[in-house]
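Just below is one structure, and these are the notes that go with it.
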Amino acid sequence: MRLVHDNESKPLRAVAIAHPNVALIKYWGKREVSANLPAVGSLSVTLGALATETRIEFDPSLEHDLLLLNGIEQPAGHGRLAACMNALRDLSGCDLYARVESENDFPTGAGLASSASGYAALVTAGAAALGIDAHETRLIDIARIGSGSAPRSLFGGMVLLENDGDGTVCEQIITPEDWALSVVVVITSEVPKPVTSRDGMEQSRLSSPYYAAWVDTHADDLRQAVGYVQDRDFFALAELAEHNCLKMHSVMLTTRPPLLYWLPATLAVMHRIGELRAGGLPVFFTIDAGPQVKAVCQTEVADEVTGALGAVPGVLRTIVGELGYGARVVGG
Ligand code: 2P0
């Protein structure tokens with residue numbers, strides 16, 4: 001089927017917002033590179049304080065897809081953007097190209113999961129523009145083609161992503177209202193990271209002697225973490241999430257060449273969070289492929305945590321927010 005489009009037709013356009021997410025039990029490494037299937041499942045929180053807004057319009061006058069990221073035109077004719085756009089076109093039966101404009105309200109490519117919110121917003125806007133049902137489960141796999149962490153940003157609150165046969169399943173396990181948690185994003189550098197997650201995790205799979213142990217112990221971490229979330233056991237989740245994060249960074253550090261994403265301020269913030277928790281505050285750290293620290297805390301102590309971490313030498317600024325909602329259409 002080809003979508004008929006003439007001047008009488010409704011414009012095929014939509015605007016969507018998606019938030020980045022941060023994994024408490026992380027994904028690092030692929031089971032299959034070509035389909036971008038993760039080697040391990042993951043559990044994330046959606047970050048309400050940061051957002052990507054993406055506007056998409058399929059246009060019969062275009063001869064290829066056009067992408068503007070933060071106002072700057074990007075190559076769009078190949079790679080993962082093209083793969084996502086082609087998958088959306090296949091699903092809808094439309095063969096028109098699109099103009100895509102995407103803006104982040106936070107640093108891009110600096111370990112703040114801009115690709116997750118970017119692809120979640122793209123898929124949500126693209127599906128709406130093409131009349132694809134937002135509950136179509138194949139959208140999860142289309143988002144994953146763009147970025148392995150993007151399906152998690154389709155949902156809000158806390159989200160579980162797992163492999164399932166040739167695809168992935170992704171579901172919300174609690175809503176933002178179910179548990180009053182906040183995330184303090186502690187920014188220690190605004191410079192894009194030197195090695196992308198995509199390249200780094202493949203180097204880890206090929207060269208870290210700890211990679212097999214990471215994969216082998218992961219299912220237990222994920223199962224236990226889901227249990228702690230269901231029990232709302234913050235301190236048990238805190239210990240396990242920090243362990244899983246440090247295990248991933250052990251794999252990164254033992255990759256050849258090594259992936260050392262931390263700066264001195266990253267480590268200083270980790271120590272400060274340890275002191276705060278030892279003093280009884282419900283807070284823990286997690287760190288992704290970049291130098292920023294995300295401090296997950298109970299919302300009632302978010303101001304205290306933000307003040308303490310903002311005062312650590314080397315910290316540039318902090319952004320605090322509660323758990324966010326899933327990707328959604330905000331305009332046509
Ligand atoms: C995560 N990260 O679970 C982990 C922790 C970074 C560290 O998912 O190759 O940008 O596009 O699937 O999704 C970042 O990896 O990589 C990521 P691709 P993606 O959040």
Side-chain angles (χ1 to χ4, degrees), residues 19-28 42-50 106-107 110-113 149 157-158 174 176 179-191 193 214 221-222 224-225 228-229 231-253 259-324:
H19 302 291
N21 67 78
V22 58
L24 309 185
I25 303 297
K26 295 181 180 293
Y27 143 60
W28 191 254
S42 50
L43 173 73
S44 62
V45 291
T46 305
L47 301 183
L50 310 175
F106 57 94
L112 289 174
S149 50
M158 275 201 193
I174 60 169
W179 201 359
L181 297 179
S182 290
V183 180
V184 183
V185 179
V186 184
I187 298 189
T188 62
S189 168
E190 311 259 7
V191 177
K193 60 195 168 204
W214 158 253
D221 287 0
L222 198 57
Q224 279 182 29
Y228 295 150
V229 171
D231 295 344
R232 309 288 192 271
D233 188 340
F234 185 90
F235 287 98
L237 183 65
E239 191 279 329
L240 180 59
E242 289 188 350
H243 167 72
N244 186 266
C245 168
L246 292 173
K247 200 158 49 174
M248 180 186 74
H249 282 273
S250 303
V251 172
M252 292 167 161
L253 290 167
L259 298 166
L260 174 52
Y261 289 111
W262 300 350
L263 294 173
T266 313
L267 201 54
V269 172
M270 292 159 73
H271 281 295
R272 188 76 186 102
I273 289 171
E275 289 165 9
L276 294 173
R277 193 156 83 254
L281 276 196
V283 58
F284 64 88
F285 67 75
T286 191
I287 304 159
D288 294 301
Q292 331 301 356
V293 182
K294 289 91 174 191
V296 181
C297 64
Q298 292 184 356
T299 297
E300 68 209 28
V301 300
D303 287 347
E304 190 176 346
V305 169
T306 305
L309 301 183
V312 174
V315 170
L316 302 180
R317 62 191 175 103
T318 55
I319 306 167
V320 61
E322 297 179 6
L323 301 192

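Only a predicted model underlies this, so the values are computations on that prediction, with no experimental measurement involved.
Of the possible donor and acceptor atoms, one in the side chain of Thr266 sits under 3.5 Å from a partner among the backbone N and O of Pro291. Looking at Gln298, its side chain never comes within 3.5 Å of a backbone N or O of Ser182 through a donor-acceptor pair. Trp214 contributes a side-chain N or O that, together with a main-chain N or O of Trp28, makes up a donor-acceptor pair within less than 3.5 Å. Between the Thr299 side chain and the Leu181 main chain, a donor and an acceptor come within less than 3.5 Å of each other. The backbone N or O of Leu240 lies less than 3.5 Å from no partner atom in the side chain of Asp221, so there is not a single donor-acceptor pair.
Atom CG of Asp303 has 12 or fewer neighbouring heavy atoms from other residues, nucleotides or ligands inside a 6.0 Å radius.
Atoms CD and CZ, on Gln292 and Arg317 in that order, are 9.0 Å from each other to the nearest 0.5 Å. A distance of 8.0 Å separates CD1 in Ile25 from NZ in Lys247, rounded to the nearest 0.5 Å. One finds the CG atom of Leu281 at 8.5 Å from the SG atom of Cys297 (value rounded to the nearest 0.5 Å). Atom CD of residue Glu242 and atom CZ of residue Phe284 lie 7.5 Å apart, to the nearest 0.5 angstrom. The CD1 atom of Ile319 sits 9.5 Å away from atom CG of Leu47, with the distance rounded to the nearest 0.5 Å. Taken from OG1 in Thr286 to CE in Met248, the straight-line distance is 6.5 Å, to the nearest 0.5 Å.
In this structure, Trp262 and His249 have tilted ring planes: the angle between them lies in the 30° to 60° band.
Between Arg277 and Glu239 no salt bridge is recorded (no basic side-chain N to carboxylate O distance below 4.0 Å).
Heavy-atom minimum distance, Leu24 versus Met158: CD1-CE, 4.1 Å. The minimum heavy-atom distance linking Phe285 with Cys245 is given by the pair CE1-SG, 4.3 Å. Contact detail for Ala265 and Pro313: the closest heavy-atom pair is CB-O, 3.9 Å. Val312 approaches Ala268 most closely through the heavy-atom pair CG1-CB, 3.6 Å. Of all heavy-atom pairs between Leu237 and Tyr228, the closest is N-CD1, 3.8 Å. Nearest heavy atoms, Pro20 versus Phe106: CG-CZ, 3.6 Å.
Considering Asp288, Val185, Leu267, Val186 as possible partners of Val293, the one that fulfils the side chain to side chain contact (heavy atoms under 4.5 Å, CB included) test is Val186. For the pairing with Ile273, the side chain to side chain contact (heavy atoms under 4.5 Å, CB included) check across Leu309, Val305, Val296 returns one residue only, Leu309.
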Worked check of side chain to side chain contact (heavy atoms under 4.5 Å, CB included) between Leu246 and Met270: CA-CA 11 Å; Leu246 292 173; Met270 292 159 73; 3.9 Å; yes
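In this structure the side chain of Glu304 never reaches within 4.5 angstrom of the side chain of Leu276, judged on heavy atoms.
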